[in-house]
Amino acid sequence: MSEMKTLLPGATLGLLGGGQLGRMFSQAAARMGYHVAVLEPGKNSPAGEVSLKQITRSYDDAEGLQTLAQCAQAVTTEFENVPAKSLAALAALGLPTAPHADAVAATQDRNVEKSFIERAGVPTAPHQAVKRIEDIESLSDDLFPGILKTARLGYDGKGQARVHSKAEAKTAWESFGRVDCVLEKMLALKTEVSVIICRNAAGDTAVFPVCENHHRSGILAYTVMPARISAELASRAQEYAEKIAHALDYVGVLCVEFFVLKDGTLVVNELAPRPHNSGHATIEACTTSQYEAQVRAMTGLPLGDTSLRTPAVMLNLLGDLWFDEEGKLRSPDWASVLAVPGAKLHLYGKAEPRRARKMGHVTVLGATRDEALERAREVARILNLPEPN
Ligand code: ATP
Ligand code: MG
């Protein structure tokens with residue numbers, strides 16, 4: 001990795017990926033006087049719309065990477081499935097990258113990721129790699145019932161199958177096209193939490209308050225910040241995140257997703273080498289947001305104060321909300337949502353609503369967590385969403 005020198009406002013920051021995480025990064029960067037150049041193959045991308053420029057090329061296009069290297073002074077990513085090779089190519093062109101290619105590569109394969117986490121001294125769910133047919137025969141009975149997950153390219157619960165026996169594991173593995181997989185034991189979860197941590201090239205870290213995450217159909221539905229867990233468990237989660245960030249020699253923003261088991265045990269589920277959906281509320285709820293932290297880390301500036309200013313609940317807005325009972329398009333009632341005290345609307349500028357597509361989110365602030373939750377339930381009722389518990 002190239003030496004990270006301080007890049008002052010006025011510099012251009014390169015961004016791989018043009019989705020909503022990139023959009024919010026770009027907004028934070030612009031506020032501080034930076035320009036952002038996005039490399040993203042899709043036209044009219046959420047990040048491209050609010051950035052100085054978009055290079056509309058695929059993430060591994062040599063010319064696109066060259067153009068990005070010419071106009072940017074450092075580069076980051078908003079998408080973990082950007083090829084680690086692209087980051088390596090940009091580093092070879094002399095551009096500091098945050099995160100560096102090796103750290104991203106380690107998070108792109110669930111098997112590699114899990115061995116890395118274990119080597120850092122942090123527990124994961126019991127698991128075994130499935131790469132060849134013989135691996136299925138040798139699976140431990142203890143892992144059933146389990147979840148077979150493709151090692152690469154999974155998101156929002158895609159590339160996963162629940163299996164109860166070796167025979168079912170074999171069928172699922174074949175349905176995935178015999179690609180590298182991992183079988184994880186199905187654990188009894190009490191709750192799910194995540195920790196977002198930011199680290200700079202000097203090895204300083206700043207950690208955000210723990211997020212409590214609730215999923216529906218494999219997709220994050222809402223996050224409560226700070227999480228309703230004991231202070232002891234929260235600091236353990238934050239310590240684990242620190243260990244992992246240091247072990248990866250990570251530079252940038254990293255999200256560590258955890259399972260809290262029924263017996264109180266904490267294990268890591270997976271990592272995301274970028275800001276995370278569960279951290280959207282940091283924009284309003286923390287002194288420094290995860291997006292501003294990403295800017296600060298990649299430019300070599302002090303990481304800032306990531307502590308909580310006010311409790312918050314974040315509700316994801318999926319494309320389903322744009323369809324009425326007959327499947328006709330409609331606009332959700334934003335005026336009523338915005339009449340709720342503490343409600344802040346974020347829409348990502350995606351032209352076409354689709355079911356299960358993340359279109360935006362609402363962050364609801366309150367003087368206390370209970371007040372934020374109560375207000376979030378009111379927003380949910382207006383939007384016809386299940387109410388947060
Ligand atoms: P995302 O991109 O939304 O984080 P993903 O596709 O990467 O999701 P995972 O995070 O591995 O998938 O799993 C999605 C959800 O499925 C988890 O948040 C959890 O609710 C459930 N889940 C996954 N693995 C297990 C497990 N071993 N035991 C119990 N529940 C699990
Ligand atoms: Mg996940």
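Counting convention: from 1, in listed order, for ligands and their atoms alike.
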**Asked** Is L220 touching ligand 1 with its side chain, its backbone, both, or neither, if touching means heavy atoms under 4.0 Å apart?
**Response** neither
**Request:** Check each of I147, L187, L183 against atom 28 (N) of ligand 1 and report the one with the nearest heavy atom.
**Result:** L187
**Complete:** atom 11 (O) of ligand 1: of E270, K149, M186, the nearest heavy atom sits on K149
**Asked** Are the side chain of Q54 and the backbone of P41 linked by a donor-acceptor contact shorter than 3.5 Å?
**Response** no
**Message:** Give the atom numbers and elements of ligand 1 that come within less than 4.0 Å of a heavy atom of E257.
**Reply:** 4 (O), 10 (O)
**Item:** Side chain, backbone, both or neither: the part of R110 lying under 4.0 Å from ligand 1 by heavy atom
**Value:** side chain
**Prompt:** Is the NZ or CZ atom of R274 both under 6.0 Å from the centre of the six-membered ring of F79 and within 45° of that ring's axis?
**Reply:** no
**Item:** Where ligand 1 meets E184 - atom numbers and elements under 4.0 angstrom, heavy-atom basis
**Value:** 24 (N), 26 (C), 27 (N)
**Asked** Mind checking whether M225 and N213 have side chains closer than 4.5 Å, heavy atoms only?
**Response** no
**Request:** For H215, counting its heavy atoms only, list the atoms of ligand 1 lying under 4.0 Å from any of them.
**Result:** 18 (O)
**Request:** Indicate, as side chain, backbone, both or neither, the part of I219 found under 4.0 angstrom from ligand 1 when only non-hydrogen atoms are considered.
**Result:** neither
**Item:** Identified side-chain contact (heavy atoms from CB on, under 4.5 Å) counterpart of T12 within the set K53, Q70, H35
**Value:** H35
**Request:** Compute whether any side-chain donor of one residue and acceptor of the other, for S194 and S278, lie under 3.5 angstrom apart.
**Result:** yes
**Message:** Test your reading of the structure: does E192 have an N or O sitting under 3.5 Å from an N or O of ligand 1?
**Reply:** yes
**Complete:** With heavy atoms and a 4.0 Å threshold, my read on which part of K185 contacts ligand 1 is backbone
**Residues F144, H164; criterion ring pair (Phe, Tyr, Trp, His ring centres under 6.0 Å); working and verdict** = CA-CA 5 Å; F144 294 101; H164 298 85; 8.6 Å; no
**Message:** Could you check whether Q20 and H346, counting side-chain N and O atoms only, form a donor-acceptor pair closer than 3.5 Å?
**Reply:** no
